[in-house]
Amino acid sequence: MIEKIKETFQESIDPDQIKLAPPPQKEMGDICAPVGFLLTKTLKKNPFEIVSLLAEKMSSVSEFKDVQPAKPGYVNFFYSESFIEESVKEILENEKALDFNPIEKTFFLEYVSANPTGPLHIGHGRWAALGDSAARLLKKIGYKVYQEFYVNDAGNQVENLKKTVEALKSGKPVPEDGYHGEYVQDALKSELEPQAFFLEEQKKTLEKFRCAFDSFYSEKSLHESGAIEKAIRLLKEKGVLYEQEGALWFRSTDYGDDKDRVLIKSDGNYTYFAPDIAYHLTKIERGGDELIDILGADHHGYVKRITAAVSALSEKKVKLDILIGQLVNLFRNGDPVRMSKRSGEIITLDEVMDEIGVDALRYILVSKKHTQTVDFDLEEVKKQSKDNPVFYIQYAFARIHSIKKNIEEKDYQPEINFKNLEESERQLLLFMLRFKDEVYKSALNFDPQILAAYLFDLASLFHQFYEKNRVIDQGNPVKYRLAIIETVSKVLEEGLSLLGMAAPKRM
RNA sequence: GCGCCAAUAGCUCAGUUGGAUAGAGCAACAGCCUUCUAAGCUGUGGGUCAGAGGUUCAAAUCCUCUUUGGCGUACCA
């Protein structure tokens with residue numbers, strides 16, 4: 001529908017400059033375009049004159065029953081009933097109405113990537129919820145997405161963990177730089193090596209959290225396969241490495257970094273950075289057209305160097321987006337809970353999931369912009385669970401199916417006839433026509449929050465509709481309202497699934 | 001010191017590429033269940049968009065400076 005408006009404007013304006021938005025008040029129209037300001041100079045007319053002309057031109061388009069110019073320089077559109085009917089018919093009768101065309105491009109999405117030295121915590125949960133929902137959204141709009149967890153199973157952290165476990169087994173005190181949390185005890189019971197044990201635990205947690213990783217990529221395997229040497233050789237060929245004071249450096253400042261970085265230390269060992277470069281090289285080699293890394297804010301100092309490395313390796317052809325997720329500060333009754341694995345206390349992601357449920361947790365973690373730090377009080381969330389937005393949305397879905405349950409199958413005959421809509425019905429239907437646009441915007445911004453907010457607003461409009469209008473009136477189903485609730489049901493179900501949430505028919 | 005991210009109602013947060021009178025939820029107060037699930041709906045009160053300049057028809061949004069907070073700044077991982 002946006003395209004049609006753009007086409008009409010095209011003769012006089014660059015279509016990319018046209019923006020559409022819902023007007024501040026519904027009396028003003030169904031959708032509006034602040035377009036009068038764009039041409040004041042070229043046409044030498046004031047904004048309102050321009051807008052008046054355009055409104056007249058547009059009024060013949062069948063999608064609209066009315067098009068009006070507005071004060072400073074807006075055009076306000078009112079959709080025709082037949083347009084709404086056509087659109088709803090498409091959603092209800094075409095299985096693929098909410099699908100997008102496939103695009104030949106693969107996103108390589110890396111997220112969580114926790115050290116295998118303990119259980120996942122709430123911060124990991126945030127990247128998990130964000131990454132998994134972003135993946136679902138990108139797939140929805142037609143991209144291929146490969147989701148991967150990078151396992152840091154080769155560094156000092158793992159060595160320290162092993163030392164800790166050995167010390168515990170032989171009854172010795174835990175080393176200074178070891179792990180002091182009680183959870184380490186769990187690894188003693190397992191026959192697996194401790195890092196393998198914790199990786200398995202993390203996989204179970206992620207599965208429970210409904211994250212579908214395509215693979216878990218081992219850092220150790222990079223050392224064993226010679227991938228690191230290969231990456232360094234490649235960089236050497238490109239002439240971006242040099243030796244100084246016995247160490248091998250990458251001239252990352254050529255690609256926007258603040259300082260050059262060491263790859264091989266003067267003692268001959270790799271820095272952490274070296275295998276990470278090799279890892280990103282494998283993503284490019286494995287067909288990633290565009291890479292996305294989701295990192296916690298405590299690693300943001302890493303952004304420039306890894307971006308530099310990907311630029312150097314791919315000759316700037318592969319784009320790397322790094323999403324910096326701000327941290328989650330966990331509280332209990334107002335007191336901060338420490339989340340360091342080295343300190344004693346840790347609240348695991350598993351525990352939080354058990355307390356408030358997967359649906360609620362996923363929604364909470366995704367309903368806030370990832371650029372915002374989240375203060376998360378466990379007791380508060382438990383208290384509020386009844387007022388939690390996720391229940392509000394799911395309740396809308398449950399109400400619809402409760403209505404359907406009360407109707408005999410032979411009487412269930414939705415009819416798309418919207419000639420005499422109540423205002424609440426009209427608003428609800430128009431809002432649903434925005435669904436695909438919202439999904440698209442949400443996906444391309446890697447921001448599930450946009451969809452989460454949309455679903456909340458949709459639920460709100462449905463509840464209003466439900467209060468004002470009877471679907472079953474005096475025992476008789478109102479056919480056109482069946483078409484409305486059927487559409488809401490379809491959109492809600494689709495939207496919830498994109499956030500990895502259930503759509504329960506009964507609550 | 002330098003860098004990244006933030007600051008919007010009492011609290012938690014929207015406001016996405018600059019658009020009309022800045023919005024929800026919670027909390028507070030006042031109403032709505034003989035009819036499809038009240039986990040719902042309706043109404044009231046609540047704001048120096050951290051502060052100061054600037055850019056333009058138009059700024060919570062973009063630029064500069066200041067203040068406050070989180071994080072980072074290793075030949076650690």
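To find a chain, count down the sequence lines: A is the first, B the second, and so on, and within it residues start at 1.
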Practice task
Would you please confirm or rule out a distance under 4.0 Å between OP1 or OP2 of B:U16 and any side-chain N or O of A:Tyr454?
Solution key: no

Exercise for the section: Please state whether the rings of A:Tyr150 and A:Tyr279 are parallel, tilted or perpendicular, taking 30° and 60° as the class boundaries. Expected result: parallel

Completion exercise
ring-ring contact (aromatic ring centres under 6.0 Å, His included) filter on A:His463, not counting sequence neighbours, yields A:Tyr392, A:Tyr395

Between the protein and nucleotides 3-8 of chain B, which nitrogen or oxygen pairs are less than 3.5 angstrom apart?
residue: B:G3; atom: N2; partner: A:His300; partner atom: NE2; Å: 2.6
residue: B:C5; atom: O2'; partner: A:Gln326; partner atom: NE2; Å: 3.1
residue: B:C5; atom: O2'; partner: A:Thr371; partner atom: O; Å: 3.1
residue: B:A6; atom: O3'; partner: A:Gln372; partner atom: NE2; Å: 3.2
residue: B:A7; atom: OP1; partner: A:Gln372; partner atom: NE2; Å: 3.0

Return all side-chain donor-acceptor pairs below 3.5 angstrom for residues 244-252 of chain A, not counting sequence neighbours, or 'none' if the list is empty.
residue: A:Trp249; atom: NE1; partner: A:Gln244; partner atom: O; Å: 3.4
residue: A:Ser252; atom: OG; partner: A:Asp257; partner atom: OD2; Å: 3.0
residue: A:Ser252; atom: OG; partner: A:Lys259; partner atom: O; Å: 2.9

Exercise for the section: Have a look at A:Thr271 and say if it touches a base, only the backbone sugar-phosphate, or nothing, with a 4.0 Å heavy-atom cut-off. Expected result: sugar-phosphate

Exercise for the section: Report which part of the nucleic acid A:Asn476 touches: base, sugar-phosphate, or nothing (heavy-atom distance under 4.0 Å, all strands). Expected result: nothing

Problem - Stems formed with participation of RNA chain B [Watson-Crick or G-U wobble, under 3.5 Å, three or more pairs] - result: B:1-7 with B:67-73, B:10-13 with B:23-26, B:28-32 with B:40-44, B:50-54 with B:62-66

Practice task
Could you run through nucleotides 30-38 of chain B and give me one letter per nucleotide, 5' to 3': B if any protein heavy atom sits under 4.0 Å from the base, S if only the sugar-phosphate is that close, - if neither?
Solution key: -----SBBS

Exercise for the section: For A:Leu263, answer base if it contacts any base atom (sugar-phosphate contacts may also be present), sugar-phosphate if it contacts only those atoms, and nothing otherwise; contact means non-hydrogen atoms under 4.0 Å. Expected result: nothing

Practice task
With a 4.0 Å heavy-atom cut-off, tell me which residues in residues 291-298 of chain A come close to RNA chain B, sorted by residue number.
Solution key: A:Ala297, A:Asp298

Exercise for the section: Check the chi torsion on B:C57 and let me know: syn if it falls within 90° of 0, anti if not. Expected result: anti

Handout entry: B:C13 and B:A20, which share atom name C1', separated by this distance in whole Å
Key = 24 Å

Exercise for the section: Have a look at A:Ala70 and say if it touches a base, only the backbone sugar-phosphate, or nothing, with a 4.0 Å heavy-atom cut-off. Expected result: base

Problem - Lys NZ or Arg CZ of A:Arg434 over A:Tyr454 ring: under 6.0 Å, within 45° - result: no

Exercise for the section: Under 4.0 Å between any heavy atoms, over every strand shown, what does A:Gln394 touch: base, sugar-phosphate, or nothing? Just pick one. Expected result: nothing

